[in-house]
Amino acid sequence: MSSSRRQYPFHLIEPKWQQTWEDEQAFRAFNPNDFVSEGHPFGIRHKLAGKTAPADSLPPKFYILDMFPYPSGAGLHVGHPEGYTATDILARYRRAGGFNVLHPMGWDSFGLPAEQYAVKTGRHPRVTTEANITNFTRQIKSLGFSYDWSRELATTDVEYFKWTQWIFLKLYNSWFNPETNKAEPIETLKFPESAGTEEKQRTYRDSKRLAYVSEAPVNWCPELGTVLANEEVIDGKSEVGGFPVIRKPMRQWMLRITAYAEKLLADLDSIDWSDSLKEMQRNWIGRSEGAEVDFQIAGSAGTIRVFTTRPDTLFGATYMVLSPEHRLVPEITTPEQKAAVEAYKNFAAGKSDLERTELAKEKTGVFTGAYAINPVNRKQIPVWIADYVLASYGTGAIMAVPAHDERDFEFARKFNLPIIQVVQPNEPKTDWQGFTEDGIAVNSGFITGLATPDAKKKITAWLEEKNLGKKTINFKLRDWLFSRQRYWGEPFPIIWKKDAAGNLYHEALPETSLPVLPPTLEDYKPTPSGEPPLARAKDWLHLPDGSIRETNTMPQWAGSCWYYLRYTDAKNAQSFVGKDADNYWMASNGKAAGVDLYVGGTEHAVLHLLYARFWHKVLFDLGYVSTPEPFYKLVNQGLIQGEDGQKMSKSRGNVVNPDDVLAEYGADAFRLYEMFMGPLQDTKPWNTKGVEGVYRFLGRVWRLFVDEHSETEFEQAETITETTKRRELLGLIKINPAIKDGPATPAQLKTLHACIKKVTEDLEAMRFNTAISAMMVFVNEAITWETKAAQVLQPFLQLLAPFAPHLAEELWAKLATLAPGTPANLAYAPWPKFDAALLVESEIEIPVQVNGKFRDVIKIAVDADNAIIEAQAKLAEKAQPFLAGKTVRKVIIVPKKMVNLIVS
RNA sequence: GCGCGCGUGGUGGAAUGGCAGACACGCCAGACUUAGGAUCUGGUUCCGUAAGGAUUAGAGGUUCAAGUCCUCUCGCGCGCACCA
């Protein structure tokens with residue numbers, strides 16, 4: 001730790017103001033019909049003090065949200081406060097702008113590390129989690145963020161996860177009605193004629209629920225001891241920890257997110273997210289238009305249905321491929337091929353996901369012995385199985401058109417299958433083999449000669465007419481695997497029963513039984529038989545009526561799917577969120593709706609952000625929330641790297657701990673640096689020297705405002721005063737005698753208003769780095785003024801306040817002694833407006849170019865007409881050598897910008 | 001492989017198509033000082049004593065004018081990855 005002298009006493013100022021804000025609950029947001037206490041600055045500003053405020057009396061709302069953190073044992077990381085600082089600056093800016101700002105914080109506190117720690121030590125995850133939350137709270141509070149702590153929540157709070165379970169029940173008790181195109185209560189589902197018995201009705205109903213049970217191969221991670229969603233598996237490894245993942249058939253809970261694929265895709269157009277993020281979601285949803293086509297199996301009544309985006313290439317289909325898992329494989333395989341097919345199925349099943357992707361180069365497969373009939377030309381084509389065809393996409397079977405599909409082309413060459421051209425590239429020199437783009441249909445019967453889009457239309461119509469196929473839209477998005485074999489998650493409000501025939505079936509617990517608490521355990525490991533840890537609690541597991549509880553728990557994403565809603569009404573005991581609160585905080589304000597600004601890392605691009613949108617849409621369909629989208633504007637902050645330009649990690653030893661930075665430079669400098677580093681969205685390396693730079697800037701601000709002699713007295717007094725009483729000594733520091741409550745010079749006003757303009761515009765556009773540089777320019781200028789007008793310095797403090805709130809408040813309070821009538825509370829003082837008239841120049845400098853090259857600058861009156869500008873430009877001294885002996889052929893004048901002389 | 005984004009001084013970064021390098025860091029020189037890792041002043045893209053010239057990854061193009069728009073190449077980052 002450095003022993004260098006402090007630039008200013010932030011160590012006293014910062015705790016002082018944090019205490020003040022907490023004492024007066026300065027940043028509490030008021031809901032409709034809340035009572036606003038007499039002395040609250042929000043009430044004073046909006047004339048609501050001492051009143052109960054109905055929705056229409058409240059100012060417009062602004063909901064600014066951070067992605068809440070997982071409270072890890074490692075504590076806060078410098079990456080966390082980057083987004084939090086940005087949102088805090090905007091929250092403070094909007095408050096000053098007269099908005100009712102909702103700016104909450106909470107904890108995404110279910111999760112694996114606490115559970116793994118529990119497995120090792122036997123310490124209950126709740127104990128670990130609470131200790132971590134305490135530490136995170138301390139760290140976050142020490143940064144002076146203006147959160148409304150009265151709305152703090154943790155996903156592990158019983159009062160919170162009770163409602164998470166409640167929402168699950170809504171999913172369970174709903175189905176997606178394709179006719180109304182929305183989710184409806186399961187009661188509106190009509191049974192088909194065939195579902196006569198109670199058991200059949202139950203089965204039918206269960207097959208339609210938004211939350212359903214599926215027995216299918218899932219992503220099993222042995223190391224983590226749990227299954228994972230597709231979104232949590234990256235390159236065949238777990239997103240958390242990077243452990244191998246294998247396919248394993250298991251009984252699991254799924255959420256029918258695929259029913260919302262179309263809406264999740266279409267509604268991206270209604271929200272203000274970055275293009276790259278929208279693109280990631282689009283790719284993940286993966287919509288593709290094409291056709292399903294039925295191929296008859298030769299010598300059999302069966303058909304194989306395939307999905308293709310290129311029905312126009314049907315005449316070029318020379319073979320078919322089924323995925324090894326396809327249900328027709330055993331049926332169609334001929335006796336001679338049986339052994340080979342079985343061997344191949346085993347070979348494919350034994351591959352891990354990792355091997356499937358990494359060894360994708362070389363195609364493999366075997367012939368089944370069967371032939372299918374191409375519906376357009378009645379030709380017999382062989383049916384193969386190969387693992388390059390995925391069971392989980394489309395119909396799990398394809399028609400192979402080797403001439404115009406790279407994968408089929410590779411496969412056909414390896415196994416010597418015929419390749420027939422059916423598309424002619426528009427560019428005649430292009431090789432048609434392996435040509436996959438649009439062209440002209442050839443060798444294709446009745447579609448020959450048509451351009452690809454027309455050929456697609458015509459053949460699809462033909463297939464539909466002959467009842468051989470139909471236009472189809474397919475999505476890459478799979479249903480969301482929603483259960484985990486863990487302890488530290490929300491238990492499902494579900495029990496299992498046996499019917500008369502001895503079949504297990506599931507049933508939801510009634511809402512009145514919520515919350516379902518997890519049992520207390522001694523041992524958090526799975527059972528020896530591989531059951532989830534909850535199965536260890538025999539008393540909990542078995543209900544008196546003989547039914548058994550579901551032992552899986554929900555994934556960590558469950559809690560984060562709706563926390564932004566709970567913040568709007570965090571204490572509501574009757575409902576997950578009240579109608580008034582939802583209407584006020586999430587309502588439209590004349591634009592697309594929801595959270596006005598949501599800031600967080602890109603790592604949640606397809607996980608949290610897709611899941612939360614899905615839940616929100618279900619709640620919207622069911623009438624529980626007022627908007628179709630949760631987050632109107634979303635910004636991803638960039639990664640902060642270590643000083644070496646590498647990703648921060650313990651193993652690299654380049655992790656910067658915010659506590660250390662705070663101790664040495666203070667919270668205001670830390671906040672300022674995080675914003676000064678560069679654009680919020682960019683990845684950028686940490687640089688301790690850079691912190692010193694902004695710290696020095698704050699020191700200059702301090703010295704601009706305070707009297708140096710009094711500061712020396714203060715410092716001497718501090719050394720002989722006990723620590724706890726030092727804060728009171730701040731009163732010894734007097735205002736800089738150069739500051740006068742008199743008129744400002746035009747130059748001072750101009751400097752101020754230029755700064756107001758720049759900072760305001762930059763805040764609107766979230767350009768924090770350039771806003772800070774504008775304030776630096778102001779201070780560099782102001783420090784040279786012999787007499788400093790209080791009326792110029794005061795608005796500057798308002799500009800500084802969102803960035804460095806502690807220092808600004810301290811100086812504001814000192815300056816108030818000079819300027820009577822100053823609002824007591826800086827945080828709610830109305831944001832200064834710039835006066836354009838003060839920025840107008842009578843004379844401006846404009847550059848003179850000769851043949852497009854900059855040569856000189858001339859000073860002219862702003863309202864000078866073109867003739868004068870031209871004349872002045874021709875006289876510009878440094879331009880003379882380039883004009884001598886030449887004729888000016890053309891003069892280009894951009895008013896107030898530049899003049900360009902074109903000479904021969 | 002496909003998609004998206006980005007390449008500007010020694011460093012982080014600024015520049016509605018109109019004076020490239022704002023604002024900082026670092027460095028150099030000076031002032032104050034017992035001292036400086038405090039503070040203040042000045043300088044700092046490169047070549048050149050200067051006048052001037054070159055310069056925004058590279059090559060070409062549009063334009064009176066290009067870091068900015070277009071085309072190609074190279075490099076980096078992110079995402080997806082046999083999705084038919």
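Chain identifiers are assigned alphabetically (A, B, ...) following the order of the sequence lines, protein sequences preceding nucleic acid strands; residue numbering begins at 1 within each chain. Side-chain atoms are counted along with the backbone in the values below, which use heavy atoms only and exclude waters and symmetry mates.
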Is a donor-acceptor contact shorter than 3.5 angstrom present between the side chain of A:N283 and the base of B:C80? no
Among A:V376, A:V306, A:I459, A:T472, which residue satisfies the side-chain contact (heavy atoms from CB on, under 4.5 Å) criterion with A:P311? A:I459
Minimum-distance nucleotide (side-chain atoms of A:D387 versus B:C82, B:A38, B:C19): B:C82
Ring center gap for A:Y319 and A:F411 short of 6.0 angstrom: yes
What's the closest nucleotide to the side chain of A:S276 if the choices are B:A22, B:C4, B:U39? B:C4
Length of the OH-P vector between A:Y665 and B:A38, whole Å: 11 Å
As a test of reading the structure: which of B:G79, B:U39, B:A84 is closest to the side chain of A:M280, going by heavy atoms? B:G79
Separation between the P atoms of B:G53 and B:U8, rounded to whole Å: 26 Å
Whole-Å P distance, B:G5 and B:U55: 29 Å
Could you tell me how far B:G13 sits from B:U62 if I compare only their C1' atoms? Round to whole Å. 30 Å
A:E708, CD atom: more than 12 neighbouring heavy atoms under 6.0 Å: no
Where the side chain of A:T770 is defined as all heavy atoms beyond and including C-beta, which of B:C25, B:A84, B:A14 is the nearest nucleotide? B:A14
In what stems does RNA chain B take part, counting only runs of at least 3 consecutive Watson-Crick or G-U pairs whose two distances fall under 3.5 Å? B:1-7 with B:74-80, B:10-12 with B:23-25, B:26-31 with B:39-44, B:45-47 with B:52-54, B:57-61 with B:69-73
In whole angstrom, what separates A:N769's CG from B:A15's C1'? 12 Å
Of A:E692, A:R696, A:Q7, A:R6, the one forming a side chain to side chain donor-acceptor pair (under 3.5 Å) with A:Y665 is A:E692
Given B:G18, B:U39, B:A84, which nucleotide is nearest the side-chain atoms of A:D405? B:A84
Could you work out which one of B:C23, B:G18, B:C19 sits closest to the side chain of A:M776? B:C23
Using atom CD of A:E279 as one end and atom P of B:C6 as the other, report the distance to the nearest whole Å. 14 Å
Out of curiosity, A:I89 CD1 to A:D762 CG, how far, rounded to the nearest 0.5 Å? 11.5 Å
Does the gap between the ring centers of A:F347 and A:Y344 come in under 6.0 Å? yes
Which listed nucleotide (B:A22, B:A24, B:C19) is nearest to the side chain of A:S773? B:A22
In terms of side-chain heavy atoms of A:T309, which of B:C25, B:C23, B:A84 is nearest? B:A84
Look at atom NZ of A:K414 and say whether more than 12 heavy atoms of other residues, nucleotides or ligands are closer to it than 6.0 Å. yes
Let's see if you can work this out: which of B:A24, B:C82, B:A65 has an atom nearest to the side-chain heavy atoms of A:K363? B:C82
Using atom CD of A:E643 as one end and atom C1' of B:G12 as the other, report the distance to the nearest whole Å. 12 Å
Residues in ring pair (Phe, Tyr, Trp, His ring centres under 6.0 Å) contact with A:F475, at least two apart in sequence or another chain: none
Heavy atoms under 4.0 Å, any strand shown: does A:K689 hit a base, just sugar-phosphate, or nothing? sugar-phosphate
Which listed nucleotide (B:G53, B:G13, B:A84) is nearest to the side chain of A:P679? B:G13
Which whole number of Å gives the distance between the C1' atom of B:U11 and that of B:G26? 7 Å
Sticking with atom C1', work out how far B:G21 lies from B:C46, rounded to a whole angstrom. 13 Å
Partners passing side-chain hydrogen bond (donor to acceptor under 3.5 Å, both in side chains) against A:E406 (at least two apart in sequence or in another chain): none
Between A:R287 (CZ) and B:G3 (P), how many Å, whole number? 20 Å
For A:E406, report the nucleic acid contact type (base, sugar-phosphate, nothing); a contact means any heavy atom under 4.0 Å. nothing
Base, sugar-phosphate, or nothing for A:V777, non-hydrogen atoms under 4.0 angstrom? sugar-phosphate
Suppose we call a contact any N or O donor and acceptor under 3.5 Å apart; does that hold for the side chain of A:K684 and the base of B:U11? no
Would you say the base of B:C80 and the side-chain of A:K476 have a donor-acceptor pair closer than 3.5 Å? no
On a whole-Å scale, what distance lies between the P atoms belonging to B:G58 and B:C74? 15 Å
Rounding to an integer number of angstrom, what distance separates B:U63 and B:C76 when you compare their P atoms? 35 Å
Take A:M776 and A:F676, measure what side chain to side chain contact (heavy atoms under 4.5 Å, CB included) needs, and give me the verdict at the end. CA-CA 11 Å; A:M776 289 172 166; A:F676 190 60; 3.9 Å; yes
Once you round it to whole Å, what is the distance between P of B:C80 and CD of A:E239? 9 Å
Can you tell me how far C1' in B:U44 sits from the matching atom in B:C23, rounded to whole Å? 15 Å
Calculate the interatomic distance between A:M675 atom CE and B:A24 atom P; express it in whole Å. 18 Å
Just N and O in the side chain of A:K853: are any of them under 4.0 Å from OP1 or OP2 of B:A54? yes
Quick one: A:F676 CZ to B:G12 C1', roughly how many Å, whole number? 8 Å
Which glycosidic conformation, syn or anti, is assigned to B:G53 if syn requires a torsion within 90° of zero? anti
